[in-house]
Amino acid sequence: MVTYVAIGLLAILASIKAFHYYYQIKRAPSQKQLSKLVLSTLRRGQSDRE
Amino acid sequence: MIKKIAVTLKPYNRVPFVYQKLKICRNCRHFTVLGERDCMSCGKTGGLQPVEKRAAGIVRRDQWLTGLILLLLIVIGLLFSASALQTVLLIAAGAAAAALLWTLSKRFTPALRRIQLQKMFQQYSYELASGLAIDHQAAIRVFQEGDKPRTYEMLREIGSLVHNDQLKLEQIMLLQTFQLRKDMDLMLEPLLMDSFSPDLVAYIGEMAKIRRDLIKENTFRYMLQHEMYILNMPNGETVLAAVAGAAVRKSRYMTMYPYLLIRYARLLPKDRFLRLYKFAKSARSGPLYDEVMRIYEEKFKWDPDFQNA
């Protein structure tokens, strides 16, 4: 019984992780977007300081 | 007149994406671009780590955790397995899950790292901004100690991420105290400002003499935008003529900025004018052609170099 539960949990874990990866990949920024994020954060930081 | 010092500057480390210059402290999570080992914010020795490495570490830790949970489930299942069938099913399910997750994680690891980076930059935005401000203060301290080349190198690194006129001006002022040479790793476009600056114009004038290749569209645009102010400077006309000489480097620039060339063609040295002459001759008409021919008739009509052109 425990073994079948473990098999079930393995299947659930693999499915959740697979969906999680696919969902994350859709939201993943490009390297260019990351650069823009950093630059805009720093620009905001500067204007806050001023 | 400022006495210029001979310096050796370290080459500028160019990266494909500016965020790759950042390092983060493992302890206080402040960011820096100055590449030192020790964090300037909390003082932790060896605390700094490139942000990409940090993100990779977080992703790897998450993958290891998943693998560990997978292994735990398999072990528990094996311990309680009552028959050979259950064991076989368990091992098959475990192997299939492991293969699936391993394949997905290998394929998606770069994207997962980028997501981690995004989370880092968003979560620690205050530490990012204040980290760069601390870097700037560190550069000012180095300047006050008298190490101008090192100060410039630090400001150059900070300037790759912080784009404000104050920082640009600080870099230009420092560059103006150095004896600039052709073999130095110099830059111009990142130092261009929106507003008129006589120091920037003087620097552009220097670049026009030693590194014409750095003078591109944005620089030409800047010079044309502030031409009236530049002409009021003591050597303003000379600088504009030098920049016009840089425009002669490419046909594209000669086509894009004919009026710059028309106004300062008369002040061009012979070799520069010769290139302009060849270009204008191919055009055969237009205001640039007329002006160039006028200067040719006045000054170079009997010059053998122009006869062979």
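In what follows, every chain begins at residue 1, and chains take the letters A, B, ... in the order their sequences are listed.
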Between [X] and [Y], what is the shortest heavy-atom contact and its length?
X	Y	answer
Ala18(A)	Leu101(B)	N-CD2, 4.5 Å
Gly45(A)	Ala129(B)	CA-CB, 4.0 Å
Phe17(B)	Lys32(A)	CE2-N, 3.7 Å

Between [atom1] of [X] and [atom2] of [Y], what distance do you get to the nearest 0.5 Å?
X	Y	atom1	atom2	answer
Ile69(B)	Leu9(A)	CD1	CG	10.5 Å
Arg107(B)	Ile25(A)	CZ	CD1	9.0 Å
Leu34(A)	Phe121(B)	CG	CZ	6.0 Å
Gln31(A)	Leu117(B)	CD	CG	9.0 Å
Leu104(B)	His20(A)	CG	NE2	11.5 Å
Leu128(B)	Arg44(A)	CG	CZ	9.5 Å

Parallel, tilted or perpendicular, as decided by the 30° and 60° cut-offs, for the rings of Phe108(B) and Tyr22(A): perpendicular
What part of [X] is in contact with chain B, defined as an atom under 4.5 angstrom from a non-hydrogen atom: side chain, backbone, both or neither?
X	answer
Ser30(A)	backbone
Leu10(A)	both
Ala11(A)	neither

Would you say [X] and [Y] make side-chain contact, with heavy atoms under 4.5 Å?
X	Y	value
Gln33(A)	Arg114(B)	no
Tyr21(A)	Leu112(B)	yes
Phe31(B)	Val38(A)	no

Donor-acceptor contact below 3.5 Å, side chain Ser125(B) vs main chain Thr41(A):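 Here the side-chain-to-backbone pair does not exist.
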Any donor-acceptor N/O pair, Thr3(A) side chain to Gly77(B) backbone, under 3.5 Å: yes
By ring pair (Phe, Tyr, Trp, His ring centres under 6.0 Å) - contacts of Phe220(B) (at least two apart):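 Result, ring pair (Phe, Tyr, Trp, His ring centres under 6.0 Å) vs Phe220(B): Tyr253(B), Tyr257(B).
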Full working for side-chain contact (heavy atoms from CB on, under 4.5 Å) between Leu39(A) and Tyr19(B): CA-CA 8 Å; Leu39(A) 293 174; Tyr19(B) 73 84; over 6 Å; no
Under 4.5 Å from a heavy atom of chain A, the part of Ser160(B) involved: backbone
Pairs of heavy atoms under 4.5 Å with chain A: top-ranked of Ile76(B), Leu89(B), Leu100(B):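 Among Ile76(B), Leu89(B), Leu100(B), the one with the most close pairs to chain A is Leu89(B).
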Audit row: Val18(B), Lys36(A), side-chain contact (heavy atoms from CB on, under 4.5 Å) steps and yes/no: CA-CA 9 Å; Val18(B) 290; Lys36(A) 281 187 180 166; over 6 Å; no
